[in-house]
Amino acid sequence: MLLARLAQVSQEVAATSARSKKIALLAELFREAEPDDVPIAIPYLAGRLPQGRLGVGWKVLSRPVPPAAEPSLTVAAVDALLTELGKVSGTGSQAERARLVGELMGAATEPEQRFLLGLLSGEVRQGALDAVATEGLAQATQTPSADVRRAVMLAGSLQTVAEALLADGPEALDRFRLTVGRPVLPMLAHSATSVAEAVGKLGACAVEEKLDGIRVQVHRDGDTVHVYTRTLDDITDRLPELTAAARELRGDRFILDGEVISFDAAGRPRSFQETAGRVGSRVDVATAAEQVPVSPVFFDALSVDGHDLLDLPFAQRHTELARLVPEPMRVRRTLVSGPDDVGAAESFLAETLERGHEGVVVKSLDAPYSAGRRGASWLKVKPVHTLDLVVLAAEWGHGRRTGKLSNLHLGARREDGSYAMLGKTFKGMTDAMLTWQTERLQALATGTDGYVVTVRPELVVEIAYDGLQRSTRYPAGVTLRFARVVRYREDKRPEEADTVETLLAAHPEVKP
DNA sequence: TTCCGACAGTGGGGTCGCAAT
DNA sequence: ATTGCGACCCCACTATCGGAA
């Protein structure tokens, strides 16, 4: 198959907003693909590379290369070149990578170049990623989409399922069963604004501590233990404590879901930054483990002693978890009978925050484990802080925000009347707000470098955020975590905005 | 007809590790 | 030794489609 054909389909998919049409276009292409093209074409049209990341980013891709006049690249040739590129990434030379990228781009026509750039930078912007491609695959093979989705969750990979399905037909899906040693996509949570709202939606539920660490899926089969992240990367070697902990447990074949986090000497949770730094350390694990030891805290069991628990209600899965894992290694929780009992949930949240944790997750007791989906049966509740800050500058947006000032630079007042930038945000804006702020900020503009428009510090905006964290990038030594716009405060003068001092006073545990 | 679940898009900050400087 | 870059952790929110109610 020619790359030009893929680029054309991607273009057609991008051109329609109807999901049903996107799915039909993808299905048509999947049907016409040769068996050898399938493991390449499927991930390409799901906006991913089969090789994963290649060590090629914006820096290399931004060098323009004259396009070819006629399409000649095949999908297989592109894949071979990218595989070569992946090997070079392992061994070194940036110059060699740049040369290979140049070679590829030089052989591509203009539309092919556009498609490849999107693919390599992870921004295909065709309105179809894995989930839509999965629907397309189901349609192409005339297989119920729920069956395909489930197989993808269990395989942790769309292309594995696609190869099997297109080669052997629907019966091939039976091969994808929950297997110890093969990670599955983890179940995710939605947000709720209060425990009352969450309990109101779910009824009888468990309220569990939400720990601010790294999500882990731990597989043990005899003496063999593997630890996977949320994106199914194998991080076993970085976390020797988890292998040891898994081997201590009474069962010898299981899959558990939990969080890994570091506690200080006093038993308080360390900051996310500290835990994430430890989990990210790969070179001298022994030293890192000594300085920042981590502990697993489990909250779900997917498989125990060869039994697949995914379809059991949470209450039963937790019974299995409790049989296997002693209490100190399980997440703290309380059971709530329903909306009449919401007081118990609220006091549990208060206690949890007092213990230094992030918030709670409210979980329906009768929901199955919906791997890979952001099911509405888990609802997280975290406290939200707000501040009134001043817009110092704004950046031009990309994609659907092209031509709109999007990303705001946020400043807090200093006592001397100047402003300290605390971070940026592009979140929380409606299209109407984008239009409004583009006009308003341009009227306040004092200069631009073509990308960042600086403005007179006059516009006050109410910002919600999850917490403060240390920063080496910003002048106050701190930055906001997950800042988003709530609303503009045109009723407020910049002199009425919050100050760095009041912000620091509100978060005494964070030292700039 | 209206409501709501699922999806994609738009990017934020930090940290680590590696290659280039 | 320092710097720049890419990968991968954490993540919120809005717009839109299309099936469910």
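All chains are named by letter (A, B, ...) in the order of the sequence lines, taking the proteins before the strands, and each is independently numbered beginning at 1. Values reported hereafter were calculated over all heavy atoms of this structure, with side chains retained and with hydrogens, waters and symmetry mates removed. No experiment lies behind these values; they were computed from the predicted model shown.
Using a 4.0 Å heavy-atom distance criterion, Lys201(A) is classed as making no nucleic acid contact. Among the heavy atoms of the strands lying under 4.0 Å from Gln126(A) are primed sugar atoms or P, OP1, OP2 only; no base atom is included. Backbone-only engagement by Val132(A) is indicated by non-hydrogen atom pairs under 4.0 Å involving sugar-phosphate atoms exclusively. Within the nucleic acid shown, Lys424(A) comes within 4.0 Å of sugar-phosphate atoms alone, with no base atom in reach, counting heavy atoms only. Residue contacts shown for Tyr465(A) are absent, as no nucleic acid heavy atom lies under 4.0 Å away.
Looking at Leu310(A) and Arg150(A), their side chains come closer than 4.5 Å, going by heavy atoms from C-beta outward. Side-chain contact check for Trp378(A) versus Asp300(A): some heavy-atom pair is nearer than 4.5 Å.
Side chain to side chain, Arg278(A) and Ser262(A) fail the donor-acceptor criterion of an N or O pair below 3.5 Å.
Under the side-chain contact (heavy atoms from CB on, under 4.5 Å) criterion, Thr479(A) pairs with Gln469(A), Ser471(A), Tyr474(A), sequence neighbours left out. By the side-chain contact (heavy atoms from CB on, under 4.5 Å) test, Ser157(A) is found to be paired with Gln159(A), Thr160(A), residues two or more places apart in sequence or in another chain being considered.
Under a 4.0 Å N-O distance rule, the pair Arg413(A)/Glu501(A) does not qualify as a salt bridge.
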request  = For nucleotides 15-20 of chain C, just jot down a letter per nucleotide in 5' to 3' order: B, S or -, based on protein non-hydrogen atoms under 4.0 Å.
outcome  = S-BS--
Let me check something: any side-chain donor-acceptor pairs from residues 354-362 of chain A under 3.5 Å, sequence neighbours excluded? List them with distances.
from, atom 1, to, atom 2, distance (Å)
Arg355(A), NE, Glu209(A), OE2, 2.9
Glu358(A), OE1, Lys210(A), NZ, 2.9
Glu358(A), OE2, Lys382(A), NZ, 3.4

Please table the atom pairs, donor to acceptor, closer than 3.5 Å between any side-chain atom in residues 20-29 of chain A and protein atoms at least two apart or in another chain.
from, atom 1, to, atom 2, distance (Å)
Lys22(A), NZ, Val13(A), O, 2.9
Lys22(A), NZ, Thr16(A), O, 2.8
Lys22(A), NZ, Gln126(A), O, 3.0

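Of the residues near DNA chain B, Ala133(A) and Trp396(A), the one whose nearest nucleotide (by heavy atom distance) lies more toward the 5' end is Ala133(A).
From one end of the helix from dA8(B)-dT14(C) to dT21(B)-dA1(C) to the other, with five pairs defining each end axis, the axis direction shifts by 20° (rounded to 10°).
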